[in-house]
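In what follows, a structure is listed as structure tokens, so that the remarks can point back to it.
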Amino acid sequence: MNVMGSKMFELHSLIPKQFNSTIEELKGNCNLRLMKYRVPEINKDCGIGLAPHTDKTTLTILCQNEVQGLEVLTKTNQWIKLNIPQGGFVVFVGDILKAWSNGRLHAATHKVKMFGDKERYSVGLLSNPKNDVKIEVPHELVDQKMHPLRYRSFYYGDYLDYFCSTFKENALDAFIGI
Ligand SMILES: O=C(O)CCC(=O)C(=O)O
Ligand SMILES: [Fe+2]
């Protein structure tokens with residue numbers, strides 16, 4: 001937990017200082033989640049462990065036992081299997097950082113597919129804003145030529161409500177896309 005927390009700190013410190021207070025708000029709520037994935041049924045080569053999704057977080061940091069299974073969708077629509085070394089971490093930008101950065105940071109779609117005869121465990125540190133935090137693209141990240149405004153401002157709690165009532169794959173664009 002300490003290592004994951006300090007990774008989160010390191011990553012957030014890559015963002016320019018003038019955004020410090022915003023970043024504090026965007027990661028105000030941290031949850032630790034343990035996931036257990038069952039061995040696929042006999043006679044099945046593989047099983048869906050976790051359906052394709054983007055995280056509804058600001059940032060997610062994951063580590064896992066020795067059983068692989070995490071796959072990521074590339075921008076050219078290919079699924080690639082990640083081979084995560086023992087003790088390694090995977091970091092996903094979530095929908096909130098994507099929206100705040102005006103889409104400059106990409107929230108990758110990912111899923112878990114189970115193979116073989118061993119259970120998989122993963123631990124995720126999920127950072128989210130509190131529900132009443134307003135997410136607004138900073139004007140520094142918008143320009144008319146290369147980076148026109150892509151997302152309207154919104155409250156995190158409203159976005160979660162929208163997602164939980166629709167479960168849309170492209171919830172971010174459907175909810176606040178311009
Ligand atoms: O178990 C994993 O490696 C992925 C978990 C995940 O994508 C999630 O909790 O959102
Ligand atoms: Fe995820």
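Indexing begins at 1, ligand by ligand and atom by atom, following the structure's order.
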Counting heavy atoms under 4.0 Å, the part of Asp55 that contacts ligand 1 is side chain
Looking at Glu119 and Lys36, does any basic side-chain N land under 4.0 Å from a carboxylate oxygen?
yes
Ion pair present between Arg120 and Glu66, side-chain N to carboxylate O less than 4.0 angstrom?
no
for atom 3 (O) of ligand 1, nearest protein heavy atom and its distance come out as Arg120 NH2, 2.9 Å
Where is the nearest protein heavy atom to atom 6 (C) of ligand 1: which residue, which atom, and how far?
Leu50 CD2, 3.4 Å
Report, in ascending order of atom number, the atoms of ligand 1 lying under 4.0 Å from any heavy atom of [X].
X	result
Ser122	1 (O), 2 (C), 3 (O)
His110	7 (O)
Val112	1 (O), 2 (C), 4 (C)
Arg33	8 (C), 9 (O), 10 (O)

Are Phe19 and Trp100 close enough that their ring centres sit under 6.0 Å apart?
yes
Do Tyr155 and Tyr159 have ring centres separated by under 6.0 Å?
no
Indicate whether the side chain of Thr57 and that of Asn128 have a donor and an acceptor atom separated by less than 3.5 Å.
no
Thr54 versus Asp95, side-chain donor and acceptor atoms under 3.5 Å
yes
Nearest to the Fe ion (ligand 2), which N, O or S atom of His53 do we find?
NE2
Shortest-distance N/O/S atom, Asp55 versus the Fe ion (ligand 2)
OD1
Taking all non-hydrogen atoms of both residues, which atom of Thr109 and which atom of Pro52 are closest, and how far apart?
CG2-CB, 4.0 Å
Could you pull out the closest heavy-atom pair between Val93 and His106, with the gap in Å?
CB-O, 3.4 Å
Judged by non-hydrogen atoms, does [X] sit under 4.0 Å from ligand 1?
X	answer
Gln64	no
Tyr37	yes
Lys111	no
Thr60	no

What about Ile84 and Met35, same hydrophobic cluster or not, with Ile/Leu/Val/Met/Phe/Trp/Tyr joined at side-chain heavy-atom distances under 4.5 Å?
yes
